[in-house]
Amino acid sequence: MRVRFAPSPTGFLHVGGARTALFNWLLARQSGGTFVLRIEDTDRARSSEAMTGAILRGLEWLGIDWDEGPFFQSDRVGEHTAGGRKLLAGGHAYRDFSTPEELARDRANIAALAGEATRAARRRAEALAPGEAEERAAAGEPHAVRFLVPEGSTDWEDAVHGPMRFRNRDIDDLVILRADGSPTYNLAVVCDDAHARIDMVLRGDDHLSNTPKQILLARALGLPVPRFGHVPLILGRDGKRLSKRHGATDIAEYRRDILPEAMVNFLALLGWSPGDDREVMELDEIVRRFSLKRILHKGSVFDADKLAWLNGRHLSRMDLARLGSLVTPRLAEPSQAADAAVKDRPGWYDNLLDLLRTRARSLDALARNVSLYLPGEIAYEPKAVRKHWKRRAQVEEYLNALRRTLDCCEWQTEPLERALRSLAAELGVAAGRLIHPLRVALTGQAVSPGIFDVLYHLGRDLSLDRIDRALETLAAGETDSAPAAQAAAASGGG
RNA sequence: GCCCUCAUCGUCUAACGGCUAGGACACCACUCUUUCAAGGUGGCGGUCGGGGUUCGAUUCCCCGUGAGGGCGCCA
């Protein structure tokens with residue numbers, strides 16, 4: 001099987017485009033076929049090299065590699081034009097001398113005149129005297145060339161939707177060569193697909209009405225007609241085609257938080273289902289199980305929550321070494337310190353990652369959490385402070401006691417736990433009364449892994465430093481971003 | 001206006017014409033726990049409407065309704 005992905009570089013790699021690429025790629029990989037990448041850059045004004053680069057990088061990130069290409073449609077305009085001339089010579093097309101005003105009028109009438117407007121250009125051409133078109137063309141008068149849509153109907157067996165039929169009278173006599181002689185999209189696609197020997201065209205539903213045109217063009221050109229399949233579009237929350245106003249549609253915007261395998265998994269499940277309840281899948285499993293027959297016929301809504309969940313699942317099960325290699329470059333600024341820590345204590349780093357990833361859904365957030373265990377200033381989350389450092393005098397007392405107790409403790413989780421718990425017993429308070437303020441002191445947050453794991457991974461020096469720093473902060477009354485309110489509350493309570 | 005496609009919990013989805021319409025995300029409880037997450041248990045919640053065909057319809061047919069896509073000398 002030979003399939004292709006043919007984006008136009010007038011924008012970045014769109015989520016919907018990524019899914020189309022993925023489905024084609026899956027087809028190629030599972031059938032031992034060939035995946036061809038073609039950049040449709042014939043709109044010179046709107047295409048850019050930067051966008052081509054963005055598309056290639058997006059595909060690479062997802063792990064979608066191509067066997068042939070990237071080819072550029074603009075490299076073959078000569079062939080496309082020749083195809084157009086051949087159609088004209090063979091009587092499958094005609095010269096259209098319509099003025100812009102006439103075309104505008106046709107367009108305006110399209111609602112009023114039912115289907116009749118689509119043949120307006122043809123009728124004007126037919127009204128010309130015999131030989132007139134050739135004379136005017138020979139005289140150099142600019143004109144477009146339109147495909148002469150034949151009578152009858154155009155049928156195909158859609159790989160997704162099943163039997164499909166368009167009445168040809170509903171199909172426009174589409175322009176194949178513009179007045180400047182340049183070929184248009186449908187002609188170029190037909191020529192290029194045939195040239196690349198594409199035998200299966202799987203693309204978005206938005207191309208459904210192009211398909212009969214392309215079939216007709218291919219037949220008129222004597223080219224083989226590929227199979228076609230049309231995948232429903234990806235929708236936004238409001239049920240409309242996914243666009244910028246629904247949030248991020250550029251695949252690149254997800255690189256910050258999302259694992260490529262999670263994105264691929266998510267995209268595969270959008271409009272396709274393996275048929276059972278399996279949801280979290282690796283690439284090889286998706287390749288193995290993918291099937292055109294199980295592609296849904298309706299559009300599906302992009303659910304960012306489910307993507308985040310899926311990302312969390314992949315974060316939790318992926319190879320730890322690879323996770324490390326993704327997280328390390330994202331660590332907060334003192335990168336030498338981070339690099340050193342990672343290099344000198346690989347076991348420590350892996351354990352820490354393992355500890356933190358079970359509650360992570362985003363790569364970036366995970367990296368921010370990892371950073372807390374490296375030397376550096378931490379910020380106290382206002383919410384955590386409000387909740388666990390409310391009674392300042394008592395918190396200071398507890399932290400001082402903890403500081404003394406932990407200082408002479410062996411730095412392993414069990415001894416640390418014994419020490420803290422016996423201190424709690426000594427003070428006659430529940431362990432939680434010590435643990436929560438301590439967590440804020442150590443991480444600045446109200447949530448973290450188990451406190452003894454936190455202490456252990458922070459290490460003695462950093463832990464004690466953080467407690468000292470917390471005591472200073474408490475003493476200075478700088479425990480909130482709204483110090484006035486906090487101070488008032490604190491003094492009122494004491 | 002014309003053409004095309006589609007319709008199962010809020011969302012992603014499963015169900016040879018035949019078990020009480022199943023699972024997942026989200027949400028809500030409970031559980032575990034020093035917190036959060038993860039895990040476990042439970043709950044909420046759906047076949048667009050109307051006609052047929054059939055012993056039996058989410059499934060097949062027709063008609064509505066609704067939604068989406070297309071109707072460029074863009075791709």
Side-chain angles (χ1 to χ4, degrees), chain A residues 6-10 40-43 45-47 73 96 98 100 103 107 109-118 142-146 158 160-161 164-167 169-172 174-180 182-186 188-189 204-212 230 232-233 235 237-241 266 269-280 296-310 312-313 316 356-361 384 387-388 417 420-421 424 430-436 438-440 443 445-452 454:
Chain A
S8 70
T10 53
E40 310 218 316
D41 59 342
T42 47
D43 186 342
R46 292 195 302 152
S47 296
Q73 190 156 63
D96 176 16
S98 301
L103 293 174
R107 190 105 42 91
N109 286 344
I110 202 165
L113 297 181
E116 285 305 289
T118 65
H143 61 279
V145 174
R146 278 185 193 270
D158 195 275
V160 173
H161 293 285
M164 208 65 95
R165 162 170 295 188
F166 277 70
R167 290 187 303 261
R169 43 172 276 223
D170 293 325
I171 304 171
D172 274 5
L174 56 146
V175 169
I176 53 177
L177 295 176
R178 301 186 185 90
D180 66 3
S182 63
T184 59
Y185 167 75
N186 282 297
V189 165
D205 247 353
D206 50 339
H207 282 282
L208 213 39
S209 57
N210 282 323
T211 299
H230 294 88
L233 301 179
L235 281 13
R237 275 262 161 227
D238 56 1
K240 293 194 198 310
R241 172 187 196 146
F266 176 72
L269 253 20
L270 216 49
W272 171 77
S273 151
D276 57 23
D277 293 335
R278 295 268 309 150
E279 293 205 290
V280 185
L296 274 276
H297 295 188
K298 62 164 189 171
S300 29
V301 175
F302 187 94
D303 181 0
D305 283 340
K306 189 141 185 178
L307 171 60
W309 170 76
L310 214 37
R313 306 299 305 146
S316 294
L356 292 171
R357 69 171 170 174
T358 61
R359 71 209 75 218
R361 289 191 154 197
K387 186 158 183 197
H388 298 299
E417 175 158 13
L420 184 143
R421 288 195 189 280
R433 306 284 290 173
L434 303 181
I435 287 170
H436 295 304
L438 178 59
R439 172 175 290 114
V440 179
T443 68
Q445 301 183 347
V447 309
S448 79
I451 196 73
F452 308 108
V454 171

Exam field: side chain A/Asp172 to backbone A/Leu174, donor-acceptor pair closer than 3.5 Å: no
Side chains of A/Asp303 and A/Arg237 in contact at under 4.5 Å (non-hydrogen atoms): yes
Touch class at under 4.0 angstrom, heavy-atom based, for A/Gly450 against every strand present: base
C1'-based separation of B/A21 from B/U47 [nearest Å]: 8 Å
Touch class at under 4.0 angstrom, heavy-atom based, for A/Leu208 against every strand present: sugar-phosphate
Sugar-phosphate only, base, or nothing, as touched by A/Gly204 at under 4.0 Å among non-hydrogen atoms: nothing
Residue A/Ile435, side-chain heavy atoms: nucleotide from B/U34, B/U5, B/C73 that is nearest: B/U34
Rounded interatomic separation in angstrom, taking NZ from A/Lys240 and P from B/G68: 4 Å
Closest nucleotide among B/U13, B/G70, B/G69 to the A/Ser209 side chain: B/G70
Identified pairing partner of B/C19, criterion: Watson-Crick or G-U wobble below 3.5 Å: none
Complement of B/A7, any strand, by Watson-Crick or G-U distances under 3.5 angstrom: B/U65
pair A/Leu208-A/Met164: side-chain heavy atoms closer than 4.5 Å: yes
Distance-only side-chain donor-acceptor flag, A/Arg178 / A/Ser182, under 3.5 Å: yes
Sugar-phosphate, base or nothing in reach of A/Pro449, heavy atoms under 4.0 Å: base
Phosphate OP1/OP2 of B/C12 contacted by A/Arg278 side-chain N/O (<4.0 Å): no
Selected nucleotide, minimal atom distance to A/Arg361 side chain, candidates B/A26, B/U5, B/G69: B/A26
Integer angstrom distance from the P of B/U59 to that of B/U8: 12 Å
Phosphate OP1/OP2 of B/U35: any A/Ser448 side-chain N/O under 4.0 Å: no
Listed pairs, N/O of protein and of nucleotides 19-24 of chain B, under 3.5 Å:
| from | atom 1 | to | atom 2 | distance (Å) |
| --- | --- | --- | --- | --- |
| B/A24 | O4' | A/Glu279 | OE1 | 3.2 |
| B/A24 | O2' | A/Glu279 | OE1 | 2.4 |
| B/A24 | O2' | A/Lys306 | NZ | 3.4 |
| B/A24 | N3 | A/Lys306 | NZ | 3.2 |

Side chains of A/Ser300 and A/Phe302 in contact at under 4.5 Å (non-hydrogen atoms): no
B/C6 phosphate, OP1 or OP2, under 4.0 Å from A/His161 side-chain N/O: yes
Phosphate-side-chain proximity, A/Arg167 and B/C3, N/O vs OP1/OP2 below 4.0 Å: yes
Spacing of the P atoms in B/G45 and B/G40 (rounded, Å): 23 Å
Counter-base of B/C2, judged by Watson-Crick or G-U geometry with both distances under 3.5 Å: B/G70
Nucleotide opposite B/G39 in a Watson-Crick or G-U pair, distances under 3.5 Å: B/U31
A/Arg313 CZ - B/A26 P separation (whole Å): 11 Å
Atom-pair distance (CZ on A/Phe166; P on B/C71), nearest Å: 12 Å
Sugar-phosphate, base or nothing in reach of A/Ala179, heavy atoms under 4.0 Å: base
Base B/C73 paired with A/Arg146 side chain (donor-acceptor, <3.5 Å): no
Sugar-phosphate only, base, or nothing, as touched by A/Leu235 at under 4.0 Å among non-hydrogen atoms: nothing
Sugar-phosphate, base or nothing in reach of A/His207, heavy atoms under 4.0 Å: base
Side chain A/Thr10, main chain A/Arg46, donor-acceptor under 3.5 Å: no
Distance test, side-chain N/O of A/Thr42 to OP1/OP2 of B/A75, below 4.0 Å: yes
Whole-Å gap separating P (B/G72) and CG (A/Asp96): 13 Å
Short side-chain N/O contact to B/U35 OP1/OP2 from A/Arg359, under 4.0 Å: no
Candidates B/G70, B/C73, B/G10 - which lies nearest the side chain of A/Arg241: B/G70
Student check: side-chain heavy atoms of A/Leu438 and A/Leu420 closer than 4.5 Å: yes
Nearest-nucleotide pick for A/Asp43, side chain only, options being B/G70, B/C74, B/G39: B/C74
Whether A/His161 side chain and A/His230 backbone form a donor-acceptor pair below 3.5 Å: yes
Rounded distance in Å between the C1' positions of B/G10 and B/C28: 14 Å
Residue-phosphate contact under 4.0 Å: A/Ser300 side-chain N/O, B/U13 OP1/OP2: yes
For atom NE2 of A/His230 and atom P of B/G70, their distance in whole Å: 13 Å
Upstream residue (5' side of RNA chain B) when A/Arg439 and A/Ser273 are each assigned their closest nucleotide: A/Ser273
Interatomic distance where CZ belongs to A/Phe302 and C1' belongs to B/C25 [whole Å]: 13 Å
Separation of the P atoms in B/C32 and B/A37, to the nearest angstrom: 15 Å
Donor/acceptor link under 3.5 angstrom from A/Arg237 side chain onto base of B/U11: no
Nearest-Å distance once atom C1' is located in both B/A14 and B/C9: 13 Å
Selection from B/U34, B/C4, B/C73 that lies nearest to any side-chain heavy atom of A/His436: B/U34
A/His297 vs B/U5: side-chain N/O to OP1/OP2 distance below 4.0 Å: no
Test item: A/Glu40 and A/Val189 side chains (from C-beta on) under 4.5 Å apart, heavy atoms: yes
Watson-Crick/G-U partner (both atom distances under 3.5 Å) of B/C44: none
Touch class at under 4.0 angstrom, heavy-atom based, for A/Thr10 against every strand present: nothing
Backbone of A/Val160 reached by a side-chain donor or acceptor of A/His297 within 3.5 Å: yes
Nearest-Å distance for atom pair CG/P, residues A/Asn186 and B/C73: 11 Å
B/C3 and B/G64, which share atom name P, separated by this distance in whole Å: 12 Å
Separation between the C1' atoms of B/C48 and B/G42, rounded to whole Å: 31 Å
Side chains of A/Arg241 and A/Asp206 in contact at under 4.5 Å (non-hydrogen atoms): yes
B/U8 OP1/OP2 closer than 4.0 Å to side-chain N/O of A/Lys298: yes
Selected nucleotide, minimal atom distance to A/Asn210 side chain, candidates B/G72, B/C12, B/A75: B/A75
Close side-chain approach of A/Asp96 to A/His143, heavy-atom, < 4.5 Å: no
Integer-rounded Å distance: B/G70 P and A/Ile171 CD1: 17 Å
Touch class at under 4.0 angstrom, heavy-atom based, for A/Leu296 against every strand present: sugar-phosphate
